[in-house]
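The structure displayed is predicted, hence computed values, not measured ones.
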Amino acid sequence: MRVITGSARGRVLETLKGDDIVRPTTDKVKEAVFSSIQFEVEGRDFIDVFAGSGQMGIEALSRGARSALFLDMSKKAAAVIERNLKVTNLQHLGTVMCVDSLAFLRNTSREFDVAFLDPPYNRGLLQEAMPLIAQRMKKTGVIICESALNDELLQKYYNFTLDRERTYGKIKVSTYRHEDFVES
């Protein structure tokens with residue numbers, strides 16, 4: 001797993017090992033996600049929910065995001081993210097929180113420009129997180145979800161509407177934007 005482009009381009013990132021729910025986003029999916037939001041990252045606040053190794057938030061920082069908040073309840077994941085931020089020299093832009101992502105989203109008042117959610121598949125976590133993150137987004141924001149192909153998501157969460165859905169083998173990537181910015 002590596003950083004695709006930007007200031008940390010080519011840096012190899014550490015991954016979590018051994019846990020069956022750990023499933024890093026493939027380079028192909030990561031490239032597609034960032035191609036679809038290439039003009040929406042620079043200077044923006046990014047949140048990587050259920051962050052795992054932190055590769056999506058690190059990619060955003062490498063591409064010029066102003067900040068990235070990494071949420072994961074695993075102490076091992078938090079430690080891996082910290083090491084990955086250090087190896088990419090991006091630690092000054094990232095904040096790692098070892099917390100329950102859902103609890104954090106319920107209790108924070110922070111707002112974000114770009115959110116990436118990639119929870120363990122088929123556990124209902126994404127369905128719980130979507131209404132929470134939709135309330136924490138700036139109107140011009142974008143929410144990107146990675147899920148199993150058979151994971152059911154609603155067309156709309158608060159003012160955020162499904163804008164695009166792409167499949168990559170057994171993976172689905174869903175992009176939500178504020179209803180005022182979705183073309184009909």
Side-chain angles (χ1 to χ4, degrees), residues 1-6 13 21 23-72 94 101-102 104-106 108 110-184:
M1 186 172 64
R2 63 185 174 81
V3 179
I4 296 170
T5 196
L13 301 176
I21 62 170
R23 175 201 22 70
T25 300
T26 65
D27 280 351
K28 178 181 178 180
V29 171
K30 181 168 51 172
E31 183 110 37
V33 164
F34 280 96
S35 288
S36 72
I37 60 167
Q38 63 184 327
F39 302 112
E40 299 173 87
V41 174
E42 192 171 343
R44 305 280 175 84
D45 296 314
F46 192 96
I47 183 170
D48 192 343
V49 185
F50 311 102
S53 65
Q55 71 160 324
M56 297 303 278
I58 289 170
E59 186 72 37
L61 290 174
S62 181
R63 292 173 183 244
R66 175 177 40 213
S67 69
L69 177 61
F70 300 86
L71 306 178
D72 203 293
S101 295
L102 298 174
F104 175 86
L105 293 173
R106 278 187 202 101
T108 190
R110 286 185 64 181
E111 289 187 331
F112 302 93
D113 297 299
V114 183
F116 183 78
L117 294 86
D118 181 15
Y121 290 175
N122 300 312
R123 295 186 181 200
L125 293 170
L126 189 54
Q127 291 78 356
E128 279 188 72
M130 281 300 293
L132 301 172
I133 194 67
Q135 295 176 75
R136 302 279 45 99
M137 298 301 293
K138 295 176 184 171
K139 187 174 181 178
T140 55
V142 59
I143 304 169
I144 302 142
C145 309
E146 181 179 327
S147 63
L149 205 51
N150 62 345
D151 241 342
E152 297 283 333
L153 292 172
L154 299 178
Q155 285 290 118
K156 188 172 184 177
Y157 293 93
Y158 292 92
N159 294 325
F160 279 78
T161 301
L162 182 65
D163 182 44
R164 178 185 306 159
E165 204 166 70
R166 299 280 190 262
T167 58
Y168 305 89
K170 296 179 181 181
I171 296 170
K172 175 172 59 177
V173 176
S174 307
T175 304
Y176 289 80
R177 296 179 187 283
H178 192 277
E179 61 193 4
D180 291 348
F181 297 98
V182 174
E183 294 180 22
S184 301

Quick one: side chains of residues 31-38, donor-acceptor pairs under 3.5 Å with protein atoms, not counting sequence neighbours, listed by atom name and distance.
| unit_1 | atom_1 | unit_2 | atom_2 | d |
| --- | --- | --- | --- | --- |
| Ser35 | OG | Glu31 | O | 3.0 |
| Ser36 | OG | Val33 | O | 2.7 |

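- Taken to the nearest 0.5 Å, the CD atom of Gln155 stands 15.5 Å off from the CZ atom of Phe160.
- Evaluation of the ring-ring contact (aromatic ring centres under 6.0 Å, His included) rule for Phe116 yields no partner, not counting sequence neighbours.
- To the nearest 0.5 Å, atoms CG (Leu126) and CD1 (Ile133) are separated by 11.0 Å.
- For the pair Leu105/Gln135, no side-chain contact is recorded, criterion being any heavy-atom separation below 4.5 Å from C-beta on.
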*Evaluate side-chain contact (heavy atoms from CB on, under 4.5 Å) for Glu179 paired with Lys156, printing each intermediate quantity in order.*
CA-CA 9 Å; Glu179 61 193 4; Lys156 188 172 184 177; 2.4 Å; yes
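- Taken to the nearest 0.5 Å, the NZ atom of Lys139 stands 8.0 Å off from the CG atom of Asn159.
- Every pair passing salt bridge (charged side-chain N to carboxylate O under 4.0 Å, His left out) that includes a residue from residues 46-60 is listed here, sequence neighbours excluded: Lys30-Glu59, Glu59-Arg63.
- For Phe46, the ring-ring contact (aromatic ring centres under 6.0 Å, His included) criterion is met by no residue, not counting sequence neighbours.
- Considering all non-hydrogen atoms of both residues, Pro120 and Leu125 come closest at CD-CD1, 3.7 Å.
- With hydrogens and angles disregarded, a donor-acceptor distance shorter than 3.5 Å links the side chain of Gln55 to the backbone of Thr25.
- Residues Leu117 and Ala129 share a closest heavy-atom pair of CD2-CB, 3.6 Å.
- Looking at heavy atoms from C-beta onward, Ile58 lies in side-chain contact with Phe70 at the 4.5 angstrom threshold.
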_Pair Met130-Leu154, side-chain contact (heavy atoms from CB on, under 4.5 Å): steps then yes or no_ = CA-CA 9 Å; Met130 281 300 293; Leu154 299 178; over 6 Å; no
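- Residues passing the ring-ring contact (aromatic ring centres under 6.0 Å, His included) test with Tyr157 are Tyr176, sequence neighbours excluded.
- Leu149 CG to Asn122 CG: the interatomic distance, rounded to the nearest 0.5 Å, is 10.0 Å.
- Residues Asp118 and Met56 are not in side-chain contact: their nearest non-hydrogen atoms beyond the backbone lie 4.5 Å or more apart.
- What you find for Pro131 and Tyr158 is that their closest heavy atoms are O-CE1, 3.3 Å.
- Contact annotation: the side chain of Phe112 never approaches that of Ile143 to less than 4.5 Å [non-hydrogen atoms, C-beta and beyond].
- Minimum heavy-atom separation, Ser62 to Thr5: OG-O, 2.6 Å.
- A salt bridge links Lys138 with Asp45; the closest basic N to acidic carboxylate O contact falls under 4.0 Å.
- Looking only at distances, a side-chain donor or acceptor of Arg136 sits under 3.5 Å from a matching main-chain atom of Arg110.
- Separating the CD atom in Glu146 from the CG atom in Asp151 is a distance of 11.0 Å, to the nearest 0.5 Å.
- Rounded to the nearest 0.5 Å, atoms CD1 (Ile171) and NZ (Lys28) are 9.5 Å apart.
- When all heavy atoms of Val49 and Ser101 are compared, the closest pair comes out as CG1-CB, 3.6 Å.
- Between Leu13 and Ser53, every side-chain heavy-atom pair lies at or beyond the 4.5 Å cut-off.
- Annotation for Leu153 and Ser147: closest pair CD1-OG, 4.4 Å, computed over non-hydrogen atoms.
- For residues 161-174, every residue pair satisfying the salt bridge (charged side-chain N to carboxylate O under 4.0 Å, His left out) rule, not counting sequence neighbours, is listed here: Asp163-Arg177.
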